[in-house]
Amino acid sequence: MNITVCVKRVPDTETRIRITDDGKDISRDGVKYVLSPYDEFAVEAALQLVEHAGAGEVTLLSYGDAATTESLRAGLALGAHRAVLLTGDPSMDGWATARVLATELKDGDAGLVLFGIKAVDDDQQQVGPMVAELLKRPCASSVTAIDVANGVATCRRAVEGGQEVVELDLPAVATVTKGRYEPRYASLRGIMMAKRKPLTEKAAPAVEPGLSVEVLRHPPRRPEGRIVGEGPPAVPELVRLLREEARVL
Amino acid sequence: MADVLAVAESKQEMLAGVSREVVTVARRIADGLGCEVEVAVTGASADELALYGADRIVRVAGDDLLPGQVDAWAAALASLIRAGDHAAVVIAATAAGKDLAPRVAAKLGTSLLTDVTDVAVDEGGILVTRPVFAGKTLAQVRALAAPALLSIRPNVFPAVESPRDATRETVAADTSDRSPGYRVVGFEASRGASIDVSEATIVVSGGRGLKGPENWHLVEDLRDALGESAALGASRAVVDAGWRPHSEQVGQTGKTVTPKLYFAVAISGAIQHLAGMRTSGVIVAVNRDADAPIFGVADYGIVGDAFDVVPALAAAIRELRGN
Ligand SMILES: Cc1cc2nc3c(=O)[nH]c(=O)nc-3n(C[C@H](O)[C@H](O)[C@H](O)COP(=O)(O)OP(=O)(O)OC[C@H]3O[C@@H](n4cnc5c(N)ncnc54)[C@H](O)[C@@H]3O)c2cc1C
Ligand SMILES: Nc1ncnc2c1ncn2[C@@H]1O[C@H](COP(=O)(O)O)[C@@H](O)[C@H]1O
């Protein structure tokens with residue numbers, strides 16, 4: 001079975017975010033980009049499934065700017081077989097992104113399409129299930145482990161109060177979160193091999209935008225806090241402040 | 001006249017508290033647009049939502065609307081929305097709501113604004129604020145097509161009373177558009193799990209400074225002292241060490257929480273941890289290092305050893321609450 005993993009290139013979590021002068025985007029200068037951490041879990045899940053089956057290929061699919069090839073090569077170095085880049089600007093528009101990705105996926109042969117549960121830049125937690133609807137395939141979200149047998153993917157889901165087990169008839173879609181999968185590191189051999197693996201670039205299909213970003217701003221700073229005191233003797237004063245000043249107890 | 005649909009959430013036949021916040025936001029939008037609020041619910045009774053501004057309460061009934069059948073509920077909601085005329089649809093950005101909302105949006109062919117923390121109505125329509133880049137930036141965005149779907153972050157919008165004489169009706173669920181091939185086949189409860197950390201109004205989080213899982217009784221005791229609306233959280237260092245499950249992790253690669261009161265116990269306050277909790281109402285930090293970055297966002301801090309401070313704090317809170 002072939003698996004496609006949708007991956008997004010996002011600013012590294014440590015990066016300072018600066019807003020452009022028009023207030024509508026973030027400045028890309030000096031920003032370090034990485035594959036979104038949850039997408040790494042999805043890539044690891046795909047690699048393990050294919051290794052376990054002893055057959056099939058893993059394709060990485062991304063919608064992003066030309067620099068995204070760098071992130072895709074990094075994914076190929078981990079063991080993915082091929083990559084496709086749809087060049088364009090995904091902005092913060094999840095519904096537009098879902099339609100772009102679905103256009104590419106609808107004629108594909110992937111038995112499973114995997115997503116990260118969320119991209120840590122715009123944090124929408126929506127693209128995976130939207131693509132599933134567009135492809136009319138069943139979708140399990142927030143999946144911590146996947147096993148495939150006899151045309152069915154059995155997914156464990158992290159839900160409130162426990163783990164739910166969901167069966168999906170293939171072809172299917174899942175969004176992956178932390179659980180069974182610990183992302184591997186690229187080996188030197190993997191990095192060398194990645195250079196020769198197929199990476200196709202093509203322009204993303206045009207879709208109507210779903211939303212408009214009016215303005216970005218930095219959140220108001222939290223007011224200066226205060227150190228109430230040291231050690232257990234400070235506890236009564238803390239409790240008093242929580243009750244009388246903050247009114248939360 | 002188009003109205004605003006509030007999607008109530010039920011948990012085991014009970015109405016989830018966040019539903020009041022959902023109706024409050026729907027009411028705010030409806031007042032801005034000059035229209036009515038309709039509530040859709042399945043499983044629980046939503047009658048109490050008339051108090052928060054519901055004009056019409058629609059109970060959606062159907063055999064396949066079982067708990068956990070997100071695909072059936074998504075199909076039923078989409079068909080309800082298609083049959084009506086809605087300017088906006090408001091859903092809770094809970095774990096269940098985040099599973100549901102994108103399915104509904106895609107079935108309707110419209111965009112979804114997730115985890116909204118503020119809503120305004122102006123000449124241009126509905127303008128929402130949502131945190132992006134781990135809360136380092138706030139984006140003001142508008143949906144370009146109707147109905148606008150928004151999921152609101154729990155605990156951010158206080159429920160506001162605005163009583164109505166709501167009408168009530170029951171409609172049969174139309175789930176013909178559910179995706180085939182999705183079957184819930186099992187559930188395993190995790191040990192001691194109570195409310196989800198992302199929905200709790202009080203969160204007590206422990207970090208690596210607690211030295212090991214055998215010391216978790218300290219934070220568990222503080223949680224118990226704070227009552228039923230409190231949940232446990234953890235830093236990633238603790239989750240990576242296997243001391244606590246990932247479902248409790250707070251931060252950029254864990255849950256985003258917005259409780260009224262957040263305790264960070266022996267947590268340094270790394271940027272990725274702050275990403276998940278900086279929008280909490282009141283933040284209290286206990287750390288033995290006076291220079292720990294967590295004190296930079298804490299409203300109140302105690303510098304000291306958690307092993308001494310936390311039991312004293314739990315005892316003082318028990319005394320105050322009389323339990
Ligand atoms: C891509 C990425 C994503 C990440 N996502 C997350 C995330 O989602 N959530 C998250 O939390 N982290 C995340 N991290 C990790 C983060 O950078 C920190 O490593 C982590 O938060 C540290 O956890 P900690 O504060 O428990 O441990 P430490 O940094 O080790 O801090 C322990 C603290 O305890 C204090 N202490 C020690 N002993 C005592 C005592 N007896 N009493 C009182 N205080 C004491 C110390 O002074 C110290 O401040 C992420 C990192 C990366 C790179
Ligand atoms: N531009 C993109 N290109 C490829 N995959 C994407 C893109 N945006 C989002 N995704 C996928 O969808 C998941 C959820 O993203 P989001 O809904 O934006 O939080 C991500 O973890 C990726 O797997």
Side-chain angles (χ1 to χ4, degrees), chain A residues 11 13-14 17 19 37 92 94-95 98 120-126 129-130 133-134 136-138 141 158-169 172 178-179 209-219 222 225-232 234-236 238-239 241 243 246 248-249, chain B residues 68 95 98-99 102-103 105-107 110-115 127 132-145 179-190 193 196 246-247 252-253 260-261 271-272 281-282 295 297-304 308-309 312-313 316-317 320:
Chain A
T13 57
E14 305 271 353
I17 299 293
I19 296 169
M92 295 188 185
W95 175 229
V120 303
D121 52 354
D122 43 22
D123 256 333
Q124 307 193 86
Q125 211 167 313
Q126 58 176 236
M130 283 176 163
E133 290 291 341
L134 288 164
K136 302 220 175 304
R137 293 186 193 169
S141 65
V159 297
E160 189 172 351
Q163 291 263 333
E164 189 179 82
V165 185
V166 172
E167 286 182 357
L168 306 176
D169 291 338
K178 187 171 172 168
L211 54 83
S212 89
V213 176
E214 304 285 300
V215 68
L216 296 178
R217 53 193 170 78
H218 290 298
R222 288 187 76 91
R226 74 175 106 147
I227 302 286
V228 179
E230 285 186 22
V235 164
L238 173 65
V239 171
L241 288 167
R243 188 166 52 117
V248 285
L249 282 185
Chain B
K98 284 182 174 172
D99 194 15
R103 299 174 195 254
K107 282 183 195 292
T110 186
S111 52
L112 166 67
L113 307 165
T114 318
D115 245 330
L127 182 65
V132 292
F133 301 107
K136 287 183 259 189
T137 310
L138 298 175
Q140 288 201 315
V141 288
R142 268 185 221 288
L144 293 175
S179 28
Y182 182 96
R183 290 179 299 278
V184 180
V185 295
F187 179 78
E188 292 162 25
S190 52
D196 192 83
H246 181 250
S247 56
Q252 180 152 36
T253 48
K260 294 195 183 80
L261 178 56
I271 181 89
Q272 297 89 356
V282 173
F295 287 123
V297 298
D299 300 278
Y300 304 109
I302 291 185
V303 179
D308 305 332
V309 174
L313 187 56
I317 289 169
L320 180 77

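By convention in this document, chain letters (A, B, ...) are assigned in the order of the sequence lines, proteins followed by strands, and residues within each chain are numbered from 1.
Under the side chain to side chain contact (heavy atoms under 4.5 Å, CB included) test applied with A:Val228, the options A:Val235, A:Val239, A:Leu238 reduce to a single match, A:Leu238.
In this structure, chain B has heavy atoms under 4.5 Å from both the backbone and the side chain of A:Ala246. The contact between B:Thr253 and chain A is made by backbone and side chain atoms together, counting heavy-atom distances below 4.5 Å. Contacts of B:Leu138 with chain A are made by both backbone and side-chain atoms, with heavy-atom separations under 4.5 Å. Interface remark: A:Pro219 contributes backbone and side-chain atoms alike to the contact with chain B (heavy atom separation under 4.5 Å). Heavy atoms of A:Arg222 lying under 4.5 Å from chain B belong exclusively to its side chain. For A:Pro209, the parts lying near chain B are the backbone and the side chain together; criterion is any non-hydrogen pair under 4.5 Å. Of the atoms belonging to A:Leu168, heavy atoms from both backbone and side chain fall under 4.5 Å from chain B. Of the two parts of B:Glu188, the backbone and the side chain both hold a non-hydrogen atom closer than 4.5 Å to a non-hydrogen atom of chain A. For B:Ile271, the part lying near chain A is the side chain, with the backbone staying farther off; criterion is any non-hydrogen pair under 4.5 Å. Only the backbone of B:Ala298 comes within less than 4.5 Å of a heavy atom in chain A; its side chain stays farther off.
Partners of A:Arg243 under the salt bridge (Lys or Arg N to Asp or Glu O under 4.0 Å) rule, at least two apart in sequence or in another chain, do not exist in this structure.
Ranked by heavy-atom pairs under 4.5 Å with chain B, the first of A:Val248, A:Thr13, A:Val213 is A:Thr13. Heavy-atom pairs under 4.5 Å with chain B peak, among A:Gln125, A:His218, A:Lys178, at A:Lys178. Highest contact tally toward chain B, considering only A:Pro129, A:Gly179, A:Gly231, A:Ala234, is held by A:Gly231 [criterion: heavy-atom pairs under 4.5 Å]. With respect to chain A, the highest number of heavy-atom pairs below 4.5 Å among B:Val303, B:Val282, B:Asp308 belongs to B:Val303. When each of A:Arg137, A:Lys136, A:Glu14 is scored by its heavy-atom pairs under 4.5 Å with chain B, the top score falls to A:Glu14. Between chain B and the options A:Arg217, A:Met92, A:Met130, heavy-atom pairs under 4.5 Å are most frequent for A:Arg217. Heavy-atom pairs under 4.5 Å with chain B peak, among A:Ile19, A:Ile17, A:Asp123, A:Leu134, at A:Ile17.
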